[in-house]
Amino acid sequence: QVQLVESGGGLVQAGGSLRLSCAASGRTFRPYGMGWFRQAPGKEREFVASIRWSITYTSYADSVKGRFTISRDKAKNTMYLQMNSLKPEDTAVYYCAARDGPGLYGNWGQGTLVTVSS
């Protein structure tokens, strides 16, 4: 099982930006796709963005469309989430995940906390 490690979270004021990274172990990391999810306090985990690994196809939740950008560097086995114009409602633990097909995400990182102050 490939290990996924998120980084880049922190405290930022509303309107600011953060860039999250998700690094995968292994030299032959070839998932079908990867995605970012988040879980705010007292709420269920929700989808944020996803990207196919071999084809540049991306998808975004309506709540982040136009503000967040997902990308990946296949040579570095790393996925990124550029978050701009952050809002307090973006506050959550952000998780990266990988899947081997168009089904469920089965490989998850430990999460990184993003806190956006008013």
Side-chain angles (χ1 to χ4, degrees):
Q1 186 80 349
V2 174
Q3 301 295 312
L4 303 177
V5 181
E6 303 94 334
S7 62
L11 175 64
V12 64
Q13 293 191 39
S17 299
L18 283 174
R19 188 194 191 204
L20 305 183
S21 298
C22 176
S25 65
R27 298 180 180 179
T28 57
F29 184 58
R30 298 290 188 273
Y32 172 81
M34 297 187 71
W36 288 99
F37 295 78
R38 66 187 182 186
Q39 186 168 18
K43 296 186 177 181
E44 298 293 326
R45 184 172 59 191
E46 65 176 351
F47 167 79
V48 176
S50 66
I51 188 169
R52 294 274 293 277
W53 204 249
S54 62
I55 303 173
T56 305
Y57 176 83
T58 59
S59 182
Y60 298 90
D62 289 340
S63 60
V64 306
K65 190 171 297 183
R67 299 187 297 120
F68 291 10
T69 302
I70 188 172
S71 62
R72 89 287 199 227
D73 187 333
K74 293 189 288 185
K76 296 181 178 180
N77 293 342
T78 302
M79 176 181 65
Y80 306 94
L81 184 68
Q82 178 66 46
M83 305 184 294
N84 298 326
S85 302
L86 283 163
K87 305 175 180 179
E89 49 263 46
D90 294 319
T91 295
V93 176
Y94 283 71
Y95 299 91
C96 70
R99 57 180 177 174
D100 295 324
L104 299 176
Y105 289 88
N107 192 3
W108 295 83
Q110 295 299 305
T112 185
L113 177 63
V114 172
T115 303
V116 184
S117 63
S118 300

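For reference, positions follow the sequence shown, starting with 1.
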Between [X] (side chain) and [Y] (backbone), is there a donor-acceptor pair under 3.5 Å?
X: Q13; Y: S117; value: no
X: T115; Y: T91; value: no
X: E6; Y: C96; value: yes
X: Y32; Y: G103; value: no

Any idea which heavy atoms bring [X] and [Y] closest together, and the distance?
X: S17; Y: S85; result: OG-N, 4.3 Å
X: G35; Y: Y105; result: N-CE2, 3.6 Å
X: W53; Y: T78; result: CH2-O, 3.9 Å
X: V48; Y: Y94; result: CG2-CE2, 4.3 Å
X: M34; Y: C22; result: CE-SG, 3.9 Å

How long is the span from the [atom1] atom in [X] to the [atom2] atom in [Y], to the nearest 0.5 Å?
X: D90; Y: R38; atom1: CG; atom2: CZ; answer: 4.5 Å
X: T112; Y: L18; atom1: OG1; atom2: CG; answer: 9.0 Å
X: K65; Y: T58; atom1: NZ; atom2: OG1; answer: 9.0 Å
X: R67; Y: L86; atom1: CZ; atom2: CG; answer: 6.5 Å

Counting C-beta onward and ignoring hydrogens, is there a side-chain heavy-atom pair between E89 and V116 closer than 4.5 Å?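 They are not in side-chain contact.
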
Quick one: side-chain contact (heavy atoms from CB on, under 4.5 Å) partners of [X], sequence neighbours excluded?
X: Q39; result: R45, Y95
X: R19; result: Y80, Q82
X: S7; result: S21
X: V2; result: L4, A24, S25, F29, N107

Which residues satisfy the salt bridge (charged side-chain N to carboxylate O under 4.0 Å, His left out) test with K87, sequence neighbours excluded?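 Testing K87 for salt bridge (charged side-chain N to carboxylate O under 4.0 Å, His left out), a comparison that skips the adjacent residues, returns none.
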
Partner residues of R52 under the salt bridge (charged side-chain N to carboxylate O under 4.0 Å, His left out) criterion, sequence neighbours left out: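 By the salt bridge (charged side-chain N to carboxylate O under 4.0 Å, His left out) rule, R52 matches no residue at all.
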
Give a yes or no on whether I51 and L81 share a hydrophobic cluster (residues Ile, Leu, Val, Met, Phe, Trp, Tyr; joining criterion: side-chain heavy atoms under 4.5 Å apart).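 Yes, one cluster joins them.
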
Give a yes or no on whether the ring-centroid distance for F68 and W36 is below 6.0 angstrom.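 No, the ring centres sit 6.0 Å or more apart.
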
Pair M79-L20, side chain to side chain contact (heavy atoms under 4.5 Å, CB included): steps then yes or no: CA-CA 8 Å; M79 176 181 65; L20 305 183; over 6 Å; no

Take atom CD of Q110 as the centre, draw a 6.0 Å sphere, and report whether it contains more than 12 heavy atoms from other residues, nucleotides or ligands.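 Count not over threshold, so no.
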
